[in-house]
Amino acid sequence: MFCLSKDVLEKVIESRLAKKVRIFVDKEKLHPDYIPEKLPHREKEIERIASILVPILEGVRPSNVLIYGLTGTGKTAVTLFTLRWLEEKAKKLATKFKYAYVNTRKADTTYRIISEIARSIGLRIPQTGIAIAEVYRRYVEALNSWGGIHVMVLDEVDYYVKRHGDDLLYKLVRVNEELKHAKASLIGVTNDINFIEGLDPRVRSSLGEVEVVFPPYNAEQLEDILQERAKLAFNPLAITPEVIKYAAALAAREHGDARRALDLLRIAGEIAERLEDPIVAIDHVKQALLEIEHGRVKQVISSLPLHSKLVLKAIVTIVGEKGSATTGETFNTYVKMAKEMRVEPLTQRRISEIVSELDMLGLVNAVVVNRGRYGKTKVIKIPELVINTITDCLNT
DNA sequence: CTTCCACCGGAAGTACCGGTAA
DNA sequence: TTACCGGTACTTCCGGTGGAAG
């Protein structure tokens, strides 16, 4: 038994090594977190942000910045690119400068954001247990005794503010008032313009001291980016410019999202690799598009809590019968299912919220509709693209 | 013009959990 | 050990609402 499985492993490794043509030479270069040395078509933005931040090198506090742009337009890449460059320069000039990068979708609570910021200047902050005010106090204290310039980047800050309000931003924007020897600036990155309108006017004027807008890439620019990156990542014999062009066009249709485009190319390469095809073809790209969506849905569903799964199941059955569901119908079916499983059902209020959560995850489409005499409710549908995947996942 | 449906969604509160500090 | 902290996952309560029907 054991020998047998070992044999299987040997085979896998063997076939991998024996492959004559390798598709990738450095797959990491297509990874979403990788920041290349060249950022094509973002020269203007780099220049803009660099000129805002460059006073750091003279020990002057830079303005707070609000960066706006749709997903995959290079906001994060440009920001980090510039900050890293400044960090290097600062080191040479012996200027005290550090920056914190926090993605508020990953660190999605007040406590985690502040502790991430504090950690970036070398503080050790426990994962939980102490008061937020205390973490903040320690941060301010450490900044004061360090006495340099600290730049805090809050990526996807709209996501945090939507859930927790702007109290934290207010506090961070005014942190300088408590600093004697150090200086701090805030860079907010958002892909929602309307986000700015909902802010406390004091935060708005302070955070928006300077605003930078990232326009989406067009198909041509996306192609340039992909060509550039493909040169680094792929074996040149394993891919053709036509395939890259196709991937770029596909991604351009979805609002010029470079991240998606790179994902597409990477997955297409992996598919070719798996099929042991020597070169990446357009068909692989097409298949990658499906696979990305399929994989995402699968992963989301598998990490869903029990009640959310039941609600989703209820929606699927109703939609299967009538094409769409309402909150009330969903709730009734859900209660039946829960009772069958001898699980205590949750309240309708909560179910309504779970439906909204499923909507945000992209598993269903829920639109609030007023049907006059017949009341106000959410009309819930399931996107064509994911319905098969969902039924698949729920039956296992 | 008014009624009234079938919910929406904010607010406040509760229970519990994993954690720290003293 | 005990007091406390923040986050999650709910519940309870309730005012609010757009527009078809009357």
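Predicted model, so just to flag it, every value in this text is computed and none were measured. Reckoned from all heavy atoms, side chains included, excluding hydrogens, waters and symmetry mates.
- A/R48 places a side-chain N or O within donor-acceptor distance of the main-chain N or O of A/E211, the cut-off being under 3.5 Å.
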Task: Contact pattern, 5' to 3', of nucleotides 12-22 of chain B - B, S or - by protein heavy atom under 4.0 Å - done: ------BBSS-
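- A salt bridge links A/K162 with A/D192: the closest approach of a Lys/Arg side-chain nitrogen to an acidic carboxylate oxygen falls below 4.0 angstrom.
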Polar-atom pairs under 3.5 Å, protein N or O versus N or O of nucleotides 7-11 of chain C: list them with distances, or write none.
from, atom 1, to, atom 2, distance (Å)
C/dG7, OP1, A/T109, OG1, 3.0
C/dG7, OP1, A/T110, N, 3.4
C/dG7, OP1, A/Y111, N, 3.0
C/dC10, O5', A/R350, NE, 3.0
C/dT11, OP1, A/T347, N, 3.1
C/dT11, OP2, A/T347, N, 3.2
C/dT11, OP2, A/T347, OG1, 2.7

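- Regarding A/K376, its NZ atom lies at a distance of 8 Å from the C1' atom of B/dC7, rounded to whole Å.
- Of the residues A/K286, A/K298, A/R296, A/R274, the one that meets the salt bridge (Lys or Arg N to Asp or Glu O under 4.0 Å) test with A/E291 is A/R274.
- Distance CZ (A/F331) to P (B/dG9): 17 Å, rounded to an integer number of Å.
- Between the A/S185 side chain and the A/P62 main chain, a donor and an acceptor come within less than 3.5 Å of each other.
- Applying the 4.0 Å criterion to OP1 and OP2 of B/dA6, one finds that A/T327 has every side-chain N and O outside that range.
- Between A/E116 and A/R119 a salt bridge is recorded (basic side-chain N to carboxylate O distance below 4.0 Å).
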TODO: Under 3.5 Å for both distances, Watson-Crick or G-U wobble, that's the pair rule; now give the dot-bracket for DNA chain C, with | marking pairs to another strand and [ ] for crossing ones.
DONE: ||||||||||||||||||||||
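- Salt bridge status for A/R260 with A/D263: absent, with no side-chain N to carboxylate O gap under 4.0 Å.
- Rounded to an integer number of Å, the gap from A/R371 CZ to C/dG18 C1' is 12 Å.
- As a whole-Å value, the separation of A/N370 CG from C/dG19 P is 6 Å.
- Looking only at atom types and distance, the side chain of A/K98 has no donor-acceptor partner in the side chain of A/S120 under 3.5 Å away.
- A pairwise comparison of heavy atoms in A/E37 and A/F81 identifies O-CE1, 3.5 Å as the closest pair.
- Side-chain nitrogen and oxygen atoms of A/K378 include at least one within less than 4.0 Å of the OP1 or OP2 phosphate oxygen of B/dC8.
- With salt bridges taken as basic N to acidic carboxylate O contacts below 4.0 Å, none links A/K91 and A/E88.
- Place A/G328 and A/R373 on DNA chain B by their nearest nucleotides, and A/R373 ends up nearer the 5' end.
- With A/N144 contributing its side chain and A/L179 its backbone, the two residues share no donor-acceptor pair below 3.5 Å.
- When all heavy atoms of A/L250 and A/V285 are compared, the pair lying nearest together is CD2-CG1, 4.1 Å.
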